[in-house]
Amino acid sequence: KIKMCSFVRPFLLSVILTSMFSLLRSDPLLPPSTQQVHRDSLVCASQPPPAQYGGRHTVTLIPGDGIGPELANHVRELFRFCCVPVDFEVVNVDSTMASEDDINNAIMAIRRNGVALKGNLETNHNLPPSYKSRNNLLRTTLDLYANVMHCQSLPGVRTRHRNIDIMIIRENTEGEYSSLEHENVPGVVECLKIITRTKSLRIADYAFRTAREKGRTRVTAVHKANIMKLGDGLFLECCKEVASGYPEITFDSMIVDNTTMQLVSRPQQFDVMVMPNLYGNVVSNVCAGLVGGPGLVPGANYGEDYAVFETGTRNTGKSIANTNTANPTAMLLASCLLLDHLKLHAYANMIRRAILSTVTETRLHTADLGGQGSTSEVVQSIMKVKNFTVTF
Amino acid sequence: MAGKAWRSAVSRVVSAFKNATPQSRTFTQGMQTVTLIPGDGIGPEISVAVMKIFEAAKAPIQWEERNVTAIKGPGGKWMIPPDAKESMDKNKIGLKGPLKTPIAAGHPSMNLLLRKTFDLYANVRPCVSIEGYKTPYTDVNLVTIRENTEGEYSGIEHVIVDGVVQSIKLITEQASQRIAEYAFEYARNNQRASVTAVHKANIMRMSDGLFLRKCREAAEKHRDVKFTEMYLDTVCLNMVQDPTQFDVLVMPNLYGDILSDLCAGLIGGLGVTPSGNIGANGVAIFESVHGTAPDIAGKDMANPTALLLSAVMMLRHMGLHGHAKKIEAACFDTIRDEKVRTQDLGGNSKCSEFTDAICQRVRDMD
């Protein structure tokens with residue numbers, strides 16, 4: 001009798017949730033952009049940790065610098081308001097300290113919880129090379145090899161180009177960001193860019209798998225193999241190799257300078273793009289600028305075992321910190337990606353729908369979008385959005 | 001005649017001891033000879049167009065045509081023909097059309113060869129929105145100055161073990177200093193208000209850090225020009241949202257390659273973008289950066305705007321601002337007029353018609 005009871009309740013809960021989930025999926029009231037966004041959030045990522053302690057997940061939260069802490073607070077506020085079953089373990093990292101203890105604590109917390117939401121940590125580039133970028137350290141230690149950024153034109157946000165829908169998959173751990181530099185002769189510095197076969201195959205495989213899952217038809221590899229014949233040549237070769245296993249997806253390649261030129265004249269031609277680390281940095285920032293700026297696009301870093309979510313363009317926003325003018329959309333959408341990763345799709349869709357309707361319909365824009373709204377006003381508006389209930 | 005030649009020769013020698021900056025007094029005496037390298041594909045047609053326009057504008061330029069096909073010199077090293085090198089060394093100023101890079105020809109690209117021969121260390125690309133040619137970006141007015149000899153394009157690559165490749169990015173103090181100094185000189189000579197150094201020193205601390213240090217040192221020496229530093233990703237982000245906030249940008253090789261093409265895309269592509277390469281010893285080669293377009297070669301369909309604007313840049317470098325302004329205005333007016341435009345700009349006129357329209361305007365201006 002006791003055995004029967006123990007699995008009946010969670011079973012019923014899962015039945016109700018899945019039926020609600022399927023209802024929401026085919027909800028005709030959802031604007032097309034939200035439906036698209038929902039579909040896209042079914043990314044093939046690593047298995048999220050099982051929810052322990054009464055069905056609640058624990059997620060590491062690293063506020064970061066600049067606008068990070070205030071945005072992290074807004075995320076917590078919103079989650080509390082929506083009764084999202086997520087508890088945040090806040091780990092503060094002081095980027096001004098020389099010792100790496102703080103970031104190591106954060107990494108340990110992420111290993112413990114499996115998932116994290118993070119603000120950007122500032123790197124003072126005037127310090128000597130022994131002081132490494134904290135963000136980079138986190139990514140390489142946890143082997144978060146894929147950085148995924150989905151740039152979509154949002155109705156209601158005025159940009160020069162319309163109908164952009166580009167998914168950027170960027171190798172996140174090697175390439176130019178290997179931080180291997182030396183000065184053999186005074187005045188001559190060498191910086192090593194490392195490209196390996198295993199990592200290139202891994203990222204290419206991730207790109208094609210994701211493209212297949214989301215029903216994308218074309219993958220473009222961005223490179224500079226005409227100049228860096230061995231390095232980018234190897235990357236391109238790996239992409240071609242993986243492409244042969246996905247015959248339904250068209251594969252082509254483009255040189256990075258031509259890519260940036262095409263992006264500013266005709267960005268609609270791109271579908272999924274895969275590239276090494278530095279070109280990924282350039283292309284993702286260009287695309288984010290094309291769809292409306294750093295305040296709108298969320299980013300995700302996936303590894304085999306861990307996932308870390310942040311804003312797409314990784315800005316600290318030092319100049320607007322604590323002025324209540326930052327755009328919370330990117331961070332809030334990143335938290336929705338986090339919820340999708342934890343398979344809390346109902347909550348994710350509800351919050352995403354509210355955010356997108358605030359951005360597109362009510363026109364409560366912050367300064368970066370040309371409006372005069374404040375961060376708190378935007379968050380309040382999101383919470384006030386109608387049909388904002390999760391019914392059980 | 002001989003006296004004039006002697007004077008111009010002396011002043012050229014004198015100017016050669018100074019840094020490569022426009023020296024108005026040197027070149028306004030009589031005809032200045034410029035080496036012209038027509039190039040391949042549409043190169044010859046657009047070169048002819050430019051020569052015609054210069055003639056109509058009565059610019060004091062004499063053209064010396066030379067061909068640069070790689071030949072194997074003594075010792076097995078590839079080099080450009082000696083008469084081309086001699087001509088460039090004598091004239092110091094060159095105008096170059098597009099050169100094709102043959103695949104598997106055994107020799108490196110011609111552009112690379114020219115760069116190495118004359119130590120062309122700075123690539124300057126002014127990007128100004130063309131009034132008659134609509135792009136989503138208006139009011140673009142910036143200049144990208146790119147270090148052209150080292151950085152990520154040093155070509156030093158090794159296979160460490162099977163499946164692991166390392167590519168070396170080389171940054172030297174000397175090259176960084178040279179490009180930084182040039183950027184500030186350029187800003188000063190062309191009345192530009194600020195110079196922005198583009199870098200990624202948060203990740204590449206030593207290499208971009210060295211570059212940044214040299215830029216800061218050059219900024220100290222040129223306090224009349226404002227200096228800022230910005231991360232590459234921030235520049236890209238802001239460039240596509242609001243390009244008007246940028247003025248002169250100076251950066252190492254790879255970032256320069258990407259950003260200069262990004263800026264070219266903002267104003268309409270490589271078909272309308274001028275470019276100049278500044279070398280050591282006062283050598284400067286101005287070129288059009290588009291391809292040879294073999295599919296339209298010989299059909300009188302080419303657009304000479306890029307080469308023409310590069311030639312205008314050359315005139316400004318030589319100090320012939322009056323002629324430069326006249327030709328540039330004629331070119332922009334013709335494009336704005338929309339009556340005579342080549343195919344790539346959205347019209348269906350021939351190259352010769354476009355050229356004649358500009359010549360007519362230039363003559364009318366006198």
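FYI, side chains are in, hydrogens and waters are out, and symmetry mates aren't considered; it's all heavy atoms of this structure. Within every chain, numbering begins at 1; the chains are lettered A, B, ... in the order of the sequence lines, protein sequences first and strands thereafter.
- The aromatic rings of B/Tyr231 and A/His125 stand perpendicular to each other, their planes meeting at an angle above 60°, with 30° marking the opposite boundary.
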message: The test is side chain to side chain contact (heavy atoms under 4.5 Å, CB included); show your working for A/Ile194 and B/Val165 and say whether it passes.
response: CA-CA 6 Å; A/Ile194 311 285; B/Val165 176; over 6 Å; no

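- At a 4.5 Å heavy-atom cutoff, the contact between A/Tyr131 and chain B is made by backbone and side-chain atoms alike.
- Of the listed residues (B/Leu254, B/Asn238, B/Asn202, B/Ile168), the one with the most heavy-atom contacts under 4.5 Å to chain A is B/Ile168.
- Contact between A/Leu234 and B/Gly163 at its shortest, heavy atoms only, is CD2-O, 3.9 Å.
- For A/Gln269, the CD atom sits in a packed shell: over 12 heavy atoms of surrounding residues, nucleotides or ligands are nearer than 6.0 Å.
- Taking A/Asn126, A/Ile255, A/Asn124 one by one and counting their heavy-atom pairs under 4.5 Å with chain B, the maximum is reached by A/Asn126.
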- Message: Pair A/Glu176, B/Lys169 - check side chain to side chain contact (heavy atoms under 4.5 Å, CB included), show working.
- Response: CA-CA 9 Å; A/Glu176 297 82 349; B/Lys169 162 178 166 166; over 6 Å; no

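- Counting heavy atoms from C-beta outward, B/Met206 and A/Glu183 have side chains that approach closer than 4.5 Å.
- A side-chain donor-acceptor contact under 3.5 Å links B/Glu157 to the backbone of A/Lys229.
- Only the side chain of B/His199 comes within contact range of chain A, with heavy atoms under 4.5 Å apart.
- The contact between B/Ile258 and chain A is made by backbone and side chain atoms together, counting heavy-atom distances below 4.5 Å.
- Ranked by heavy-atom pairs under 4.5 Å with chain A, the list B/Ile203, B/Asp162, B/Leu170 is led by B/Ile203.
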- Task: Would you please test B/Asp233 and A/Arg314 for salt bridge (charged side-chain N to carboxylate O under 4.0 Å, His left out) and show each step?
- Result: CA-CA 10 Å; B/Asp233 40 6; A/Arg314 303 171 177 168; over 6 Å; no

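- Enclosure of atom CD in B/Gln245 by more than 12 non-hydrogen atoms of other residues, nucleotides or ligands within 6.0 angstrom is indicated.
- Checked by atom type and distance alone, the side chain of B/Arg205 never pairs as donor or acceptor with a backbone atom of A/Ser179 at under 3.5 Å.
- Here B/Met204 contributes atom CE and A/Ser133 contributes atom OG; the two are 11.5 Å apart, rounded to the nearest 0.5 Å.
- At a 4.5 Å heavy-atom cutoff, the contact between B/Glu152 and chain A is made by backbone and side-chain atoms alike.
- For the set A/Ile195, A/Asn135, A/Thr123, the count of heavy-atom pairs under 4.5 angstrom toward chain B peaks at A/Ile195.
- Looking at B/Leu210, only its side chain comes within 4.5 Å of chain A, counting heavy atoms on both sides.
- Distance check: B/Ser207 OG to A/Glu181 CD gives 3.5 Å after rounding to the nearest 0.5 Å.
- Side-chain atoms of B/Asp257 and A/Lys224, non-hydrogen and from C-beta on, do get closer than 4.5 Å to each other.
- Annotation: side chain of A/Leu230 is in contact with side chain of B/Val159 (closest heavy-atom distance under 4.5 Å).
- Residues of residues 257-266 of chain A that come closer than 4.5 Å to chain B, counting heavy atoms only, are A/Asp257, A/Asn258, A/Thr260, A/Met261, A/Val264, ordered by residue number.
- By number of non-hydrogen pairs under 4.5 angstrom with chain B, the leading residue of A/Gly289, A/Pro128, A/Cys191 is A/Cys191.
- Your options are A/Lys193, A/Arg197, A/His182, and the one with the most heavy-atom pairs under 4.5 Å with chain B is A/Lys193.
- Residue B/Leu212 touches chain A through its side chain alone, counting heavy-atom pairs closer than 4.5 Å.
- Taking B/Tyr137, B/Phe211, B/Tyr255 one by one and counting their heavy-atom pairs under 4.5 Å with chain A, the maximum is reached by B/Tyr137.
- Neither the backbone nor the side chain of B/Thr135 comes within contact range of chain A; no heavy atom of the residue lies under 4.5 Å from a heavy atom of that chain.
- When the candidates B/Leu237, B/Leu232, B/Val161 are compared by the number of heavy-atom contacts under 4.5 Å with chain A, B/Leu237 comes out ahead.
- Using a 4.5 Å cut-off between heavy atoms, A/Leu278 touches chain B through its side chain atoms alone.
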